[in-house]
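Since the model is a prediction, treat every value here as computed from it, not as a measurement.
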Amino acid sequence: MAVDDVETYCENGIWKTRWRHSTNPFAVGGEKERQVSQGATVASWYGVDHIITNPDGTTAEHNSYCDRRESDAS
């Protein structure tokens, strides 16, 4: 199964987290910090990137957890 990156974003004032190219979030609500934490945790589990997007659509942070996936494979 191909795994996409994780994105945390704000939509209509509500912070959400989803797989990068999905339209459906897998986590919704709470403070920004809560969603960022959940996104980072999932990205770390799957060894993918975590992109945090500002409410205006610009990228606030881009963190990579790919090294964890590669080290787990060896």
Side-chain angles (χ1 to χ4, degrees):
M1 174 180 102
V3 179
D4 205 351
D5 294 331
V6 173
E7 178 182 29
T8 299
Y9 63 102
C10 187
E11 182 177 66
N12 298 321
I14 300 169
W15 284 94
K16 303 176 182 183
T17 303
R18 65 182 173 196
W19 295 106
R20 181 76 170 169
H21 293 98
S22 174
T23 56
N24 300 319
F26 59 77
V28 177
E31 299 293 323
K32 175 184 177 181
E33 292 78 19
R34 177 179 175 191
Q35 287 302 318
V36 168
S37 177
Q38 288 181 345
T41 298
V42 172
S44 178
W45 287 344
Y46 286 91
V48 297
D49 289 358
H50 180 212
I51 297 102
I52 303 157
T53 306
N54 291 316
D56 67 3
T58 60
T59 300
E61 291 182 50
H62 187 147
N63 302 300
S64 181
Y65 298 93
C66 293
D67 59 326
R68 295 178 187 216
R69 179 177 54 211
E70 292 166 2
S71 65
D72 289 345
S74 52

Members sharing W15's hydrophobic cluster (side chains within less than 4.5 Å): none
S44 side chain vs A40 backbone, donor-acceptor pair below 3.5 Å: no
Sequence-distant partners of T58, side-chain hydrogen bond (donor to acceptor under 3.5 Å, both in side chains), two or more places apart: N54, D56
Set of residues satisfying salt bridge (Lys or Arg N to Asp or Glu O under 4.0 Å) with respect to E11, sequence neighbours excluded: K16
With T23 via side-chain contact (heavy atoms from CB on, under 4.5 Å) - residues at least two apart: none
Residues that, via side-chain heavy atoms closer than 4.5 angstrom, fall in one hydrophobic cluster with Y9: none
T17 side chain to Q35 backbone, donor-acceptor under 3.5 Å: yes
Residue pairs, two or more places apart or on separate chains, that pass salt bridge (Lys or Arg N to Asp or Glu O under 4.0 Å) and touch residues 20-32: E7-R20
W45-F26 co-clustered via ILVMFWY side chain contacts under 4.5 Å: yes
Shortest non-hydrogen contact from H50 toward A43: CB-CB, 3.8 Å
Set of side-chain contact (heavy atoms from CB on, under 4.5 Å) partners for D49, sequence neighbours left out: D5, I51, H62, S64, C66
Qualifying residues under side-chain contact (heavy atoms from CB on, under 4.5 Å), relative to R34, sequence neighbours excluded: Q38
Steps toward side-chain contact (heavy atoms from CB on, under 4.5 Å) verdict (V42, V48): CA-CA 9 Å; V42 172; V48 297; over 6 Å; no
Residues forming a side-chain contact (heavy atoms from CB on, under 4.5 Å) with S22, sequence neighbours excluded: W19, N24
